[in-house]
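Since the model is a prediction, treat every value here as computed from it, not as a measurement.
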There are 2 protein chains.
Amino acid sequence: MPSSIKISNKDKMLLTAIDLISQKGYKSVTTQEIATTAGLSEKTLFRHFGSKQNLLETAFDRFHYSEEMEDTFHKKLTGDLETDLLLISKTYHRIMNQNRKMIMIAIKEGNTLPGFLEKTQQHPRQLLKILTLYFKNMHKKGKIIHTDFELQAISFMMMNFGAFLNNLDADKSFPTVTLDKFIQTSVQTFARALTP
Amino acid sequence: MPSSIKISNKDKMLLTAIDLISQKGYKSVTTQEIATTAGLSEKTLFRHFGSKQNLLETAFDRFHYSEEMEDTFHKKLTGDLETDLLLISKTYHRIMNQNRKMIMIAIKEGNTLPGFLEKTQQHPRQLLKILTLYFKNMHKKGKIIHTDFELQAISFMMMNFGAFLNNLDADKSFPTVTLDKFIQTSVQTFARALTP
DNA sequence: TATGACTGTCAGTAGTGACTGTCATTTTGT
DNA sequence: ACAAAATGACAGTCACTACTGACAGTCATA
């Protein structure tokens with residue numbers, strides 16, 4: 001091993017479970033498959049987690065990254081529209097990519113496993129608030145035109161949400177475009193639309 | 001019955017299958033459940049379709065709406081940017097909503113049932129081509145600024161894709177906003193960003 | 001009335017998957 | 001090196017599920 005970080009068997013199984021379930025879906029993955037893929041025996045799985053359900057819930061709680069952002073975020077906003085939209089967009093994609101497997105699970109099993117969807121929507125909602133408020137403040141400073149700020153913020157978030165989902169699967173709908181180039185263009189578009 | 005259109009038992013089961021599978025996922029729905037929900041016996045299901053797999057595939061082929069649009073579409077474009085973007089956006093959402101259950105199935109079972117995803121991505125790709133070409137032509141006429149037209153078209157499509165997916169589930173991420181208002185605002189944004 | 005297409009009931013099969021118990025073996029902490 | 005904890009191998013239980021077979025009922029049509 002290059003890095004001598006030891007990963008416990010428990011975490012091995014949790015990570016494997018997230019991997020497989022995000023790919024195939026909860027029902028399609030067997031406890032047998034999870035265990036052997038993790039290089040362990042099925043028995044060990046049940047010794048640790050008791051049930052398949054509990055395995056998934058534990059995995060979700062343990063590996064759902066939920067960092068605080070409010071405090072640091074406001075300070076980083078410069079007042080330059082394009083710069084700030086770029087920061088917000090990149091932050092969004094960074095957070096979403098950290099949680100990409102969890103989000104995939106939440107989308108697939110959202111109906112059957114209630115509560116999952118909400119947790120994954122936590123960050124987007126937070127960013128939406130920040131962005132809406134940001135638009136309001138920028139308008140007060142006379143730096144952007146007057147519109148429905150929340151709707152505008154939602155449009156921006158939706159666009160990034162669509163782009164994120166498109167990048168989730170291996171076979172993408174529009175594979176010709178990289179995410180970075182998309183972010184750049186879309187931010188420019190919004191900046192141009194909002195400057196007075 | 002108000003309308004005397006008789007729906008065959010075969011179609012009853014196909015529609016029920018689409019309904020249930022789009023909600024719960026393929027693996028979570030039993031043939032028993034499909035049959036009784038359709039008001040028929042499980043035996044009849046197998047007499048018609050032979051297997052659960054075949055039932056789903058038949059359902060997908062039979063009820064995946066794939067209208068032609070190229071011909072009529074170009075003629076409807078007026079040359080007024082905002083009007084045309086509105087038409088494209090509404091067309092997109094109309095088609096996506098017709099196929100919403102199919103798209104849900106494709107998203108959930110996309111990895112396990114290959115070929116489904118591609119079919120649902122057929123329309124978005126077509127609209128993307130039309131929109132990209134439209135931008136090029138509008139630029140030639142001097143009606144919009146010069147940008148990367150494909151990237152611009154993708155941004156627009158992504159935004160609508162995100163909005164569509166957000167409206168898919170009963171519990172939406174941003175429930176305060178109706179789809180129509182979103183479409184209106186987003187179209188205005190893009191129109192403003194692109195006019196010289 | 002008789003035939004055929006369609007359907008329901010019921011009993012049953014074969015396979016699978018979550019989960020348990022037992023005992024031997026390995027790994028770990030001290 | 002030794003005891004404790006963790007793991008594996010294996011066999012087995014129980015419920016569920018896709019799918020089949022045998023038989024009977026309904027209904028339209030010739």
message: Applying ring-ring contact (aromatic ring centres under 6.0 Å, His included), can you list everything that pairs with A/Phe161, at least two apart in sequence or on another chain?
response: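 Once residues adjacent in sequence are excluded, A/Phe161 has no partner under the ring-ring contact (aromatic ring centres under 6.0 Å, His included) criterion.
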Look at the side chain of [X] and the backbone N and O of [Y], then say whether any donor-acceptor pair between them is shorter than 3.5 Å.
X	Y	answer
B/Asn160	B/Ser89	no
A/Lys10	A/His48	no
B/Glu109	B/Tyr26	yes

About how many Å separate [atom2] of [Y] and [atom1] of [X], when rounded to the nearest 0.5 Å?
X	Y	atom1	atom2	result
B/Ile183	B/Tyr92	CD1	OH	10.5 Å
B/Ile95	B/Gln98	CD1	CD	7.0 Å
A/Asp84	A/Leu77	CG	CG	4.5 Å
A/Asn111	B/Lys108	CG	NZ	4.0 Å

message: Can you pull out every ring pair (Phe, Tyr, Trp, His ring centres under 6.0 Å) where at least one residue sits in residues 63-90 of chain A? Sequence neighbours excluded, please.
response: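 Residue pairs with at least one partner in residues 63-90 of chain A: A/Phe60-A/His64.
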message: How would you summarise protein contacts on nucleotides 6-20 of chain D per nucleotide, using B for base, S for sugar-phosphate only and - for none, with heavy-atom distances below 4.0 Å?
response: -BBB-------SSBB
message: Parallel, tilted or perpendicular: which one describes the rings of A/His93 and A/Phe164, with boundaries at 30° and 60°?
response: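 Geometry flag for A/Phe164 against A/His93: tilted rings.
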query: Should the pair A/His146 and A/His139 be assigned to parallel (<30°), tilted (30 to 60°) or perpendicular (>60°) ring geometry?
result: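 Tilted: the ring planes of A/His146 and A/His139 meet at 30° to 60°.
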- prompt: First contact, last contact: which nucleotides of DNA chain C are these for chain B, 5' to 3', heavy-atom distance under 4.0 Å?
  reply: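 Listed 5' to 3', the contact boundaries are C/dT7 to C/dT9.
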Taking only N/O atoms, report every protein-nucleotides 26-28 of chain D pair under 3.5 Å with atom names and distance.
none

message: Is a donor from one side chain sitting under 3.5 angstrom from an acceptor on the other, for B/Thr132 and B/Glu150?
response: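 On atom types as modelled, these side chains do not qualify, holding no pair under 3.5 Å.
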query: How large an angle, rounded to 10°, do the end axes of the helix from C/dT1-D/dA30 to C/dT30-D/dA1 enclose when each is built from five base pairs?
result: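 The helix from C/dT1-D/dA30 to C/dT30-D/dA1 shows an end-to-end axis angle of 30°.
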